[in-house]
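In what follows, a single structure is set out as structure tokens and then discussed.
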Amino acid sequence: MNKELTHLRVNGEEREIAITPNRLLLDALREDLGLTGSKRGCDDSSCGCCAVLIDGTPMLSCVALAASYEGREITTVEGLGGPGELDPVQEGYAEMGGAQCGYCTPGFMIATKALLDRNPDPTMDEIREALSGNLCRCTGYMQIYESVKYAIEKLRAKSATQAPATR
Amino acid sequence: MAKDTNGYNIIGKPMAMTDARAKVTGLGKYADDLSVPGMLIGKILHSPHAHARIRSIDTSQAEALAGVKVTATGEDARNPYGILPIGHDERAFALGKALYIGDNIAAVAATTPEVAERALDLIRVDYEQLPGWFDPEESMKASSNWINEERPQNIEKEYHHVFGDPEKGFGEADFIAEERYYAGEVNQAAMEPHATLAVWEPDNRLTVHSSTQVPFYLHRTIAAVCEMPMSQIRVIKPLIGGGFGGKSEIIPLEVAACVLAKKARKPVKITYTREEVFLAHRGRPITIVYLKVGLSRAGKITAVQARVIQDGGAYCGYGPVTVLYSGALLGAIYDIANVQYDGFRVLTNKPACGAMRGHGTVNVRFAFESILDQLSHQAGLDPLEVRRRNLLKAPCITANSLRVTSYGLPECIEKVFERSGWAEKKGNLPYGKGVGMACSHYVSGAANPIIRSNMPHTTVHIKIDRDAAVTVYTGASEIGQGSDTMQVQIAAEILGVSTDRIKLVAADTELTPIDLGSYSSRVTFMAGNACLNAAKDMRDQIVAAVARKFGCAADDFEVKDGRISHKSDAGKSLSFDEAVTVALEFHGALVARGTYAPPETARGGKFKGAGVGPSPAYSYSAQVAEVTVDPETGQVRVDKIVAAHDCGKALNPLTVEGQIEGSVYMGFGQALQEDMIWKDGRLMNPSLLEYRIPATKENPEIESIIVESIDPEGPFGAKEAGEGSLAATIPAIANAIFDAVGVRINSTPITPDKILDALREKQKLASGNGANAANKPVAAGGRL
Amino acid sequence: MTLPAFRVLQPRTVEDAVRMLDEHRSDAMVIAGGTDVIPNLQMRLFTPRVLVDVKPLRELAVIEFSARQGLHIGATATLTHILETPWMRDKFAVLASAIGTVAGPLQRNMGTIGGNLCLETRCRWYNQSHFWRQSLGGCLKKDGDICHVAPGGKFCWAAWSGDSAPAFLALDAELEIASLSGTRRVPLREFYKNDGMDRIALARNELLTAVHVPAHMAGRRGVYQKLRVRDSIDYPLAGVAVAMEVDSAGICKDARVALSAVNPAPMLVTQAGESLIGRKWSLELAERVAHAAIQTGKPLTTSGSTPVYRRDMVRVFTRRALEETWKNGHGSA
């Protein structure tokens with residue numbers, strides 16, 4: 001199978017890789033771009049460990065053909081924030097026990113990020129629903145909810161300080 | 001000797017895990033994230049037959065395929081291995097016979113996964129199929145065609161224990177219940193599929209990066225299988241994506257990768273597919289429990305008799321230990337004088353079972369706590385009150401010689417009694433709603449090591465040099481449970497410094513001393529104590545040098561808030577950095593060590609099989625589950641679980657709560673939805689789509705409550721936290737279902753169809769035997 | 001698991017796409033969201049030489065409603081897009097109800113309505129890896145000549161396991177199918193062949209382009225009830241969709257009941273409409289229709305749980321869906 005030059009826009013950077021047409025986005029990220037934060041946990045699109053944002057929507061990179069996502073804005077866990085500038089979602093999962101073994105965590109954070117970008121004040125049911133395509137085997141989900149709530153508070157505080165006082 | 005529980009700076013306060021940032025940035029590396037130049041991809045050929053003689057294997061066509069570098073079969077590594085010294089029955093690849101669908105026959109290492117997969121199709125194996133054994137109760141009647149010729153009747157191991165006088169005990173009982181329980185097979189299903197990277201080094205050494213909970217046993221096994229001295233092998237544990245016991249013995253891909261790497265003289269990585277994780281299995285076995293328990297009118301348990309059969313799969317694995325834990329922990333949670341236990345570990349043509357979270361205790365606890373609920377109702381007593389009447393009085397020695405040093409079960413029971421609203425709810429909820437309670441306990445590590453020796457179970461080194469950084473070298477394996485963080489906390493607390501100053505190096509056999517591994521909930525107690533001892537050794541060395549400098553006694557100084565200060569003379573105080581310089585000038589090098597081995601008094605009785613069960617300390621749990629059952633569909637919703645766990649002392653409440661909640665979650669999964677479905681040795685659901693671990697929406701709300709009994713020997717009083725809660729969840733849910741709709745389901749998972757069948761059976765009885773029978777409990781599901 | 005080698009063709013128009021399909025015929029497969037196709041390729045259930053990626057065809061992602069034309073959903077509209085269309089729940093309650101139960105949000109963000117209507121039938125003897133199936137010698141549907149569900153039979157019972165199809169059946173939907181010779185419309189109920197091996201009436205050179213629901217269906221009450229173990233991720237073990245028009249006097253003017261996951265096709269319950277039309281709510285009536293439903297649904301051991309239980313639930317869910325629709329008026333516009 002011949003390799004083809006493929007242009008992916010990942011975490012704000014243009015990347016060019018030579019891949020076969022059957023290359024999955026997950027493998028392109030992990031093996032061709034060295035972004036191993038996205039994980040493989042199943043082989044049947046049922047666990048969510050591989051989730052990445054495509055144009056802001058969380059999707060499963062394990063069932064996406066890389067070449068079909070040229071021109072789309074792909075965000076992986078590495079793109080949420082680096083060690084020096086954690087996103088509030090990352091901070092939440094780190095501080096509140098949302099990451100035990102950490103293997104499902106990138107997928108959960110991606111789903112959380114997408115939720116809070118659209119709905120900064122979700123109800124518990126909305127949180128459960130938004131995370132219902134991801135599986136975690138460690139936490140029993142309770143500390144994941146605490147992590148999400150931490151991020152919500154953090155984002156709220158952030159937007160309060162950023163919003164100019166109008167009154 | 002109760003220890004001071006207050007006044008700590010770091011211990012007892014919630015702390016984010018030290019590796020949390022590596023995990024949330026995606027920068028931390030798990031085994032499959034690793035790659036090295038020139039790395040080959042290995043793939044394993046699995047047996048398509050459950051029981052077959054291997055007449056011949058021809059790998060020549062596979063070897064001829066472009067991109068294939070090497071193949072391996074059983075002839076390449078003939079030495080047997082196994083986690084237990086009495087069970088060395090596995091080999092890198094099957095020799096002579098394949099014993100289950102998925103057994104390891106051969107492997108290839110190639111330049112790409114695609115080539116490796118194609119090469120597997122080119123390996124020709126000539127099999128002679130043999131009849132298979134799939135049902136444990138049938139298998140143990142086998143008169144011929146045994147799975148392992150050295151195990152007659154396909155019985156891997158059996159144990160028969162009698163404590164007290166069970167016959168007399170049953171004679172004193174006013175109520176006796178006798179039931180058969182059946183627990184389906186479950187798998188750890190850690191989110192990370194196993195992966196191993198074996199790197200053949202230029203100096204002909206072997207470096208192995210593997211997703212293991214037991215780097216030390218892996219080290220030994222690789223040496224034996226590859227016929228290399230241990231000194232030429234280095235095992236490194238990267239981040240681990242969950243273990244739960246599924247990575248607590250040597251998994252076939254680990255030896256396969258090493259055999260291939262040695263043969264190819266190249267790095268080889270093997271990563272399991274999710275299906276292969278299920279083929280390697282090592283989960284909790286199908287367990288059949290015939291249980292008889294007697295209760296007096298006063299609510300005292302008078303005798304227990306259990307016959308337990310575990311479907312172990314085709315290899316020994318941890319089998320004898322599992323079946324011994326089932327016996328040892330069966331009655332020892334309560335004050336029971338008369339216990340008879342007959343345990344059988346049976347071979348079948350299925351993947352080997354292993355040491356899944358709550359090893360050995362979960363399925364017998366399900367049976368015991370269910371029958372106790374049943375007996376309580378027979379006796380007209382509140383089942384929670386019955387537990388209160390059967391408590392141990394610690395410190396004590398149980399009937400089967402287990403030494404109990406701390407016992408927070410009474411407090412756990414009272415906590416869940418209050419928090420669940422038990423008094424208002426029990427028996428008072430409308431039809432379809434119910435509450436149930438159950439208790440459980442677990443070891444804080446095994447008092448006797450798997451491989452008997454007088455060496456310590458764990459050792460920690462601490463080094464400080466001119467940068468005044470504290471480096472802790474520990475063999476303990478962080479697998480997501482927080483063991484690294486726990487040791488950082490202990491070292492920082494004792495040395496009076498902030499946790500930032502501690503750098504921890506873990507689980508690398510070239511750098512760190514030995515720890516036996518992350519299994520049987522041993523790490524906090526054992527590695528924690530070793531770290532505590534090492535930190536104290538280091539503190540004493542520093543204080544000695546400082547005291548000498550000021551011409552005072554060491555006892556005059558305290559170590560706190562980054563300073564070493566005279567207790568009564570404020571002028572005699574050094575910062576930690578200054579103190580390190582003084583100490584280096586005095587000692588030359590600052591190296592400290594700590595070890596831990598359980599005391600002789602904790603090591604149990606002398607009877608055959610007494611070695612398994614004893615632990616330096618036991619954790620205790622009590623739980624109340626509240627459920628809603630739809631009597632028309634049989635569907636169960638678990639509304640809430642209140643779980644109290646006695647962990648001795650919560651060194652890090654954040655991670656302790658995470659462990660309790662994770663245990664309850666896994667118990668919930670086994671109780672209602674998880675089941676490995678077998679047809680003639682073939683697993684019908686080897687995927688996360690079909691093996692249904694709970695997701696967010698059906699998972700119950702969990703309220704975790706920490707109970708601190710302060711164990712006299714635990715580090716700061718700490719005991720086990722990561723497993724003990726699991727076993728209480730299943731019977732708590734089963735008992736709640738009885739409270740809700742009046743039927744007892746004696747088999748897991750408790751699926752809606754079983755509940756409907758039982759409800760119909762009950763109705764049939766009612767219409768057949770008059771109205772009175774409608775209130776009689778009906779057991780179902782145990783008859784399978 | 002690796003993927004077989006294939007080329008990916010990216011058509012720019014529907015015409016492009018059908019030309020490609022026509023050219024490659026049995027060598028080609030259509031891919032859109034990938035949630036069903038990719039795992040199936042990894043299991044080697046198919047080994048196409050060519051994948052025609054229709055996902056970028058924006059013209060196929062349109063969701064529209066007009067009082068004249070009714071509902072039009074293009075084949076590559078994602079399930080999430082449909083769910084989040086503001087008027088969907090009010091106008092087509094049963095559809096929103098059904099689509100909301102598909103897998104989880106990540107899968108719905110990728111999965112398309114075309115893919116959901118063209119799912120492969122499922123069976124636990126079939127949806128397994130190459131190794132697994134080989135160890136058994138295959139089955140009737142793939143690489144073998146034995147059905148493990150009904151041994152001795154020559155019929156494949158692999159079950160239809162989609163959620164949206166029964167909802168569309170209850171709404172009397174039509175499909176729009178394109179080929180080189182133009183566009184044809186086919187009633188959805190004629191699209192499914194109730195054969196596990198040959199599930200849909202779609203030729204290899206045809207492309208499903210849209211699904212239509214007649215305008216008069218807008219505002220119908222309706223609900224979908226799904227039997228599953230988990231409240232997300234799982235495909236149905238049984239599913240019942242009800243759509244109904246009820247007048248102000250509480251009399252049923254029109255109704256359809258459809259089942260999923262208990263046959264090789266999603267199926268309308270025969271005689272359900274006839275029994276319901278002109279009647280007022282009664283439990284006996286609902287029970288009667290529920291009884292008709294279990295004559296239509298024939299679950300076998302193709303999936304988890306037990307056939308007896310799944311059949312039982314078809315009965316219970318049918319009655320409950322009727323009750324919920326009729327009495328609570330879900331989705332009444």
Side-chain angles (χ1 to χ4, degrees), chain A residues 1 20 22 30-31 34-47 49 76-83 86-87 89-107 109 125 127-145, chain B residues 14 16-17 19-30 32-35 114 188-193 239-244 271 273-275 478-482 654-655 657-666 668-669 687-690 693-697 699-704:
Chain A
M1 231 185 335
T20 54
N22 67 356
R30 288 177 55 80
E31 287 167 37
L35 297 169
T36 56
S38 307
K39 307 297 186 196
R40 175 176 269 116
C42 67
D43 300 294
D44 52 10
S45 65
S46 60
C47 79
C49 290
T76 70
V77 57
E78 291 92 342
L80 292 183
L86 293 188
D87 185 270
V89 170
Q90 292 171 303
E91 219 179 295
Y93 278 82
E95 291 297 321
M96 302 308 290
Q100 279 189 25
C101 84
Y103 199 81
C104 72
T105 310
M109 292 192 303
D125 279 350
I127 295 172
R128 265 195 213 100
E129 171 64 34
L131 302 180
S132 65
N134 297 79
L135 292 171
C136 167
R137 194 57 164 161
C138 293
T139 60
Y141 302 109
M142 300 306 288
Q143 291 187 334
I144 286 181
Y145 303 144
Chain B
M17 287 202 220
D19 56 11
R21 285 185 158 241
K23 287 168 178 167
V24 300
T25 53
L27 299 177
K29 297 290 184 193
Y30 299 78
D32 187 46
D33 299 340
L34 304 171
S35 59
E114 286 81 5
Q188 289 85 357
M191 294 316 297
E192 178 204 23
L239 285 182
I240 303 298
F244 318 112
T271 304
T273 62
R274 179 53 65 178
E275 181 186 30
E478 170 67 59
I479 58 170
Q481 86 280 42
L654 181 75
T655 49
E657 283 175 7
Q659 288 301 310
I660 297 170
E661 288 157 9
S663 296
V664 169
Y665 156 89
M666 212 170 260
F668 165 78
S687 69
L688 293 183
L689 183 63
E690 299 281 357
I693 68 173
T696 54
K697 290 207 283 187
N699 198 57
E701 182 192 345
I702 304 162
E703 180 181 336
S704 51

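Order of the sequence lines fixes the chain letters, A, B, ..., with proteins taken first and strands second; residue numbering starts at 1 for each chain. Side chains are part of it too, since the values below use all heavy atoms of this structure and drop only hydrogens, waters and symmetry mates.
Both the backbone and the side chain of B/Leu689 come within contact range of chain A, with heavy atoms under 4.5 Å apart. Only the side chain of A/Thr105 comes within contact range of chain B, with at least one heavy atom under 4.5 Å from a heavy atom of that chain. The parts of B/Asp32 that come within reach of chain A are both its backbone and its side chain, each placing non-hydrogen atoms under 4.5 angstrom from that chain. Only the side chain of B/Phe244 comes within less than 4.5 Å of a heavy atom in chain A; its backbone stays farther off. When heavy atoms are compared at a cutoff of 4.5 Å, B/Pro700 approaches chain A solely by way of its backbone atoms N, CA, C and O. Residue A/Leu80 does not touch chain B at all, counting heavy-atom pairs closer than 4.5 Å. Contacts of A/Ser46 with chain B are made by side-chain atoms alone, with heavy-atom separations under 4.5 Å and no backbone atom involved. Only the side chain of A/Cys49 comes within less than 4.5 Å of a heavy atom of chain B; its backbone N, CA, C and O stay farther away. With a 4.5 Å cut-off on non-hydrogen atoms, B/Glu478 does not touch chain A at all.
The side chain to side chain contact (heavy atoms under 4.5 Å, CB included) check on A/Ala130 picks up A/Leu115, with sequence neighbours excluded. Under the side-chain hydrogen bond (donor to acceptor under 3.5 Å, both in side chains) criterion, A/Glu129 pairs with B/Lys697, C/Arg108, not counting sequence neighbours.
Ranked by heavy-atom pairs under 4.5 Å with chain B, the list A/Arg128, A/Glu31, A/Met142 is led by A/Met142. Most heavy-atom pairs under 4.5 Å with chain A, from the set B/Glu114, B/Glu657, B/Arg21: that is B/Arg21. Note: B/Lys23 leads B/Gln481, B/Gln659, B/Glu275, B/Lys23 in heavy-atom pairs under 4.5 Å with chain A. Of the listed residues (B/Ala189, B/Ser35, B/Ala190, B/Ser704), the greatest number of heavy-atom pairs within a distance under 4.5 Å of chain A belongs to B/Ala189.
The two residues A/Arg40 and A/Tyr103 have their closest heavy-atom pair at O-OH, 2.8 Å. Of all non-hydrogen atoms in A/Gln90 and A/Gly81, the two that sit nearest each other are NE2-O, 3.0 Å. Contact detail for B/Val24 and A/Ala99: the closest heavy-atom pair is CG1-CB, 4.5 Å. Across all non-hydrogen atoms, the minimal contact from A/Cys104 to A/Cys136 is SG-CB, 3.6 Å.
Side-chain atoms of B/Thr273 and A/Asp43 form no donor-acceptor pair, as typed in the model, at a separation below 3.5 Å.
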